Amino acid sequence: MKRKKKQHAAAAGESGQKEQKTFAWKPWLWALLLVGIPAAAAALVTDTHSAWYTLIQKPAFQPPAPVFAIVWGALYVLLYVVALLLFMAPPSRDKHTALRALGVQLGLNLVWTAVFFRLYMPAAALFILVGMLGLCALNIIYQARVRPQAAWLMIPYVLWLCFATVINYTIVLLN
């Protein structure tokens, strides 16, 4: 059977026919689901117009709400690329660990949003952010083993999480 395939491939090459490659859509879909579902859920849970959020004291350096929407949109695009790179990597234990860690990371993002914006518990949200930063470090280690580009693409996300942690901490202090 293998010999026939090789003969057929050789014959196709000799006759000038190109072997058709099919588009591998599954990694694109899985990456979209892994990142898109938590992103959409977080967008639905975020409420910057609630009475609680408008009345709490916020740091002077906190950007306006539209900036958060733009930054998070860009970060979720980067996280999608990270997920796609990981899904397209050859199978390995590190790949599966990196994908699970990324899924947990995105889940914690959603939990932070719910705890902060819906449960009105900035101190608890702060602990979640600190945990997210620790998980990010592990995430980057595993991603670097699988796809170093994915690990580098996490840097803007980590920097934004650091900034969000400072904002969250300041909100806890002010309120």
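If you're wondering where the values come from, they're calculated on a predicted model, not measured in any experiment.
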Applying salt bridge (charged side-chain N to carboxylate O under 4.0 Å, His left out), which residue pairs with at least one partner in [range] are found, sequence neighbours left out?
range: residues 55-71; result: none
range: residues 161-173; result: none
range: residues 158-174; result: none
range: residues 136-155; result: Asp94-Arg145

Please tell me whether [X] and [Y] are part of a single hydrophobic cluster in this structure, the criterion being side-chain heavy atoms less than 4.5 Å apart.
X: Ile155; Y: Tyr80; answer: yes
X: Phe116; Y: Leu55; answer: no
X: Phe163; Y: Leu126; answer: no
X: Ile141; Y: Leu159; answer: no
X: Ile70; Y: Leu75; answer: no

Heavy-atom closest pair, residues [X] and [Y]:
X: Met88; Y: Pro27; answer: CG-CB, 3.7 Å
X: Cys136; Y: Met154; answer: SG-CE, 4.1 Å
X: Ala101; Y: Leu135; answer: O-CD2, 3.9 Å
X: Asn139; Y: Ala98; answer: OD1-O, 3.6 Å
X: Lys95; Y: Ser92; answer: N-OG, 3.0 Å
X: Ala31; Y: Leu84; answer: CB-N, 3.6 Å

Centres of the Phe68 and Trp72 rings: under 6.0 Å?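 Judged by ring-centre distance (under 6.0 Å), Phe68 and Trp72 do not meet the cut-off.
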
For residues 38-50, which side-chain N or O atoms pair as donor and acceptor with protein atoms under 3.5 Å away, sequence neighbours left out?
from  : atom 1 : to    : atom 2 : distance (Å)
Thr46 : OG1    : Ala42 : O      : 2.7
Asp47 : OD1    : His49 : N      : 3.1
Asp47 : OD1    : Ser50 : N      : 3.3
Ser50 : OG     : Tyr53 : N      : 3.1

Please list all pairs meeting side chain to side chain donor-acceptor pair (under 3.5 Å) that have one or both residues in residues 27-39, counting only residues at least two apart or in different chains.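 Of all non-adjacent pairs touching residues 27-39, none passes side chain to side chain donor-acceptor pair (under 3.5 Å).
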
Going from [atom1] on [X] to [atom2] on [Y], what distance comes out if it is rounded to the nearest 0.5 angstrom?
X: Leu78; Y: Leu153; atom1: CG; atom2: CG; answer: 5.5 Å
X: Gln62; Y: Thr170; atom1: CD; atom2: OG1; answer: 9.0 Å
X: Leu34; Y: Leu29; atom1: CG; atom2: CG; answer: 11.0 Å
X: Leu102; Y: Leu79; atom1: CG; atom2: CG; answer: 6.5 Å
X: Gln143; Y: Thr97; atom1: CD; atom2: OG1; answer: 11.5 Å
X: Leu129; Y: Thr165; atom1: CG; atom2: OG1; answer: 4.0 Å

What residues form a side-chain contact (heavy atoms from CB on, under 4.5 Å) with [X], not counting sequence neighbours?
X: Ala123; value: Val172
X: Pro91; value: none
X: Val115; value: Val111, Leu119, Met121, Ala124, Ala125, Ile128

Residue Tyr169 excluded, over 12 heavy atoms near OH under 6.0 Å: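 It does not: Tyr169 OH has 12 such atoms or fewer within range.
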
Which residues, ordered by chain and number, are linked to Val77 in its hydrophobic cluster, where ILVMFWY side chains connect at heavy-atom gaps below 4.5 Å, directly or through other members?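 Joined to Val77, directly or through intermediates: none.
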
Could you work out, with side chain to side chain donor-acceptor pair (under 3.5 Å) as the rule, every residue matching Tyr157, not counting sequence neighbours?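 Only Gln105, Asn109 meet the side chain to side chain donor-acceptor pair (under 3.5 Å) criterion with Tyr157.
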
ring-ring contact (aromatic ring centres under 6.0 Å, His included) partners of residues 120-148, not counting sequence neighbours, each pair once: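 Found Trp52-Tyr120.
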
Would you say that Pro59 contacts Ile171 through its side chain, given a criterion of any heavy-atom pair below 4.5 Å between the two side chains?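 With C-beta onward as the side chain, the pair touches.
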
